[in-house]
Colleague: 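Before we start, here is the structure in question, set down as structure tokens.
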Amino acid sequence: MDELNGRMMAFQILLTGLIARVANDSRDPLGFLSDYRDEMRAVIRGVRIDGLPDDGGAREHALRMADEMFALMKAPSAE
């Protein structure tokens, strides 16, 4: 389990760096991050999670992880 958690953390760091790099190259970096965060939250809310009778816990965890990842780059918007 530790190996899986380590790989997941490495993936999150890599993804955060990639998103930050793309945002930095855009005309409006903060607007890009806000729009991308909103899109990611919409995907997490809409994705079907198989194998769980109640996927609410997994979905909430995924939303918290996305917010945490984006908080490293930009604080969440007031909306």
Colleague: Holding to salt bridge (charged side-chain N to carboxylate O under 4.0 Å, His left out), I want the full list of residues that pass it with Asp25, two or more places apart in sequence or in another chain.
Modeller: Arg21

Colleague: Which pair of non-hydrogen atoms, one from Tyr36 and one from Ile19, has the smallest distance, and what is that distance?
Modeller: CE2-CD1, 3.4 Å

Colleague: Are Phe11 and Phe70 co-members of a hydrophobic cluster defined by side-chain heavy atoms under 4.5 Å apart?
Modeller: yes

Colleague: List the atom pairs, with distances to 0.1 Å, where a side-chain N or O of residues 57-65 and a protein N or O form a donor-acceptor pair under 3.5 Å, not counting sequence neighbours.
Modeller:
unit_1: Arg59; atom_1: NH1; unit_2: Ile44; atom_2: O; d: 2.5
unit_1: Arg59; atom_1: NH1; unit_2: Arg45; atom_2: O; d: 3.1
unit_1: Arg59; atom_1: NH1; unit_2: Val47; atom_2: O; d: 3.0
unit_1: Arg59; atom_1: NH2; unit_2: Val47; atom_2: O; d: 3.1
unit_1: Arg59; atom_1: NH2; unit_2: Asp55; atom_2: OD2; d: 2.5

Colleague: Treating Ile, Leu, Val, Met, Phe, Trp and Tyr as nodes and any side-chain heavy-atom pair under 4.5 angstrom as an edge, say whether Phe32 and Leu15 lie in one connected cluster.
Modeller: yes

Colleague: Could you grab the distance from atom CD1 of Ile13 to atom CG of Leu18, nearest 0.5 Å is fine?
Modeller: 14.0 Å

